[in-house]
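Protein chains get the first letters and strands the later ones, always in sequence-line order, with residue 1 at the start of each. The figures that follow rest on heavy atoms only: side chains count, while hydrogens, waters and symmetry mates do not.
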Amino acid sequence: MTESTYDRIYKTVHQIPEGKVATYGQIAELTNLAGKARLVGYALYRIDPQTSDVPWHRVVNAKGEISQSPFRNGGDYLQRSLLEQEGVQFSPQGKINLRADRWQP
DNA sequence: TGCTTGACTTTAC
DNA sequence: AGTAAAGCCAAGC
């Protein structure tokens, strides 16, 4: 079977340990897609969190903020809740301290 | 078959 | 510090 580009991305995201977060650029790099961070974001946009066991909530942008899609409409709150339950600490501005909670394989 | 959009990143001013 | 532009690939119409 042929591993699609997204399949590799899902696998990489699924490798993120609990209580850690990764940036799109990092996921792209680990997936052999360095420089194509948009593909990672787009991949997570197309999947269904209900049918997929991909911890999409552990993926944030380079600023440590939670990216949201117009379709999710407020899903950032859910994502933040999930991360907080895993032990991820948020800054007063609602940002994540990437230097501390960033996934380092 | 071709153009537009989209959960991004990085560099530069 | 915040704003602007370029680069990349895939799916949708």
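No side-chain heavy atom of Q89(A) sits less than 4.5 Å from a side-chain heavy atom of E84(A).
Protein atom NZ of K63(A) is 12 Å distant from nucleotide atom P of dA7(B), rounded to whole Å. What separates CD of Q68(A) from C1' of dG6(B) is a distance of 14 Å, to the nearest Å. Across the protein-nucleic acid pair, D48(A) atom CG and dA7(B) atom P stand 15 Å apart, rounded to whole Å. One interatomic measurement links the two molecules: CG of L98(A) to P of dT10(B), which rounds to 11 Å at whole-angstrom precision. Taking atom CH2 of residue W56(A) and atom P of nucleotide dC8(B), one finds them 14 Å apart after rounding to whole Å. For the pair N61(A) CG and dA7(B) P, the computed distance is 12 Å after rounding to whole Å. Put simply, CG on L83(A) is 19 Å from P on dA7(B), counting in whole angstrom units. Here dG6(B) presents its C1' atom at 13 Å from CD1 of I9(A), a figure rounded to the nearest Å.
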Treating primed atoms plus P, OP1 and OP2 as sugar-phosphate and everything else as base, which nucleotides of nucleotides 4-13 of chain C get B, S or - for protein heavy atoms under 4.0 Å? ---BBBSSS-
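For CG of N32(A), the number of neighbouring non-hydrogen atoms (other residues, nucleotides, ligands) closer than 6.0 Å is 12 at most.
When both distances must be under 3.5 Å, the Watson-Crick or G-U wobble mate of dA10(C) is dT5(B).
No side-chain donor from either of Q79(A) and R58(A) sits under 3.5 Å from a side-chain acceptor of the other.
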Could you walk me through whether Y6(A) and R46(A) satisfy the side chain to side chain contact (heavy atoms under 4.5 Å, CB included) test, starting with their C-alpha distance in whole Å, then the side-chain angles of each, then the deciding distance to 0.1 Å, before giving a yes or no? CA-CA 9 Å; Y6(A) 290 160; R46(A) 301 194 100 289; 4.0 Å; yes
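The residues E86(A) and K20(A) are annotated as not salt-bridged, no charged nitrogen and carboxylate oxygen being separated by less than 4.0 angstrom.
Stacking of R38(A) on the aromatic ring of Y24(A) is not recorded, the 6.0 Å distance cut-off and the 45° axial limit not both being met.
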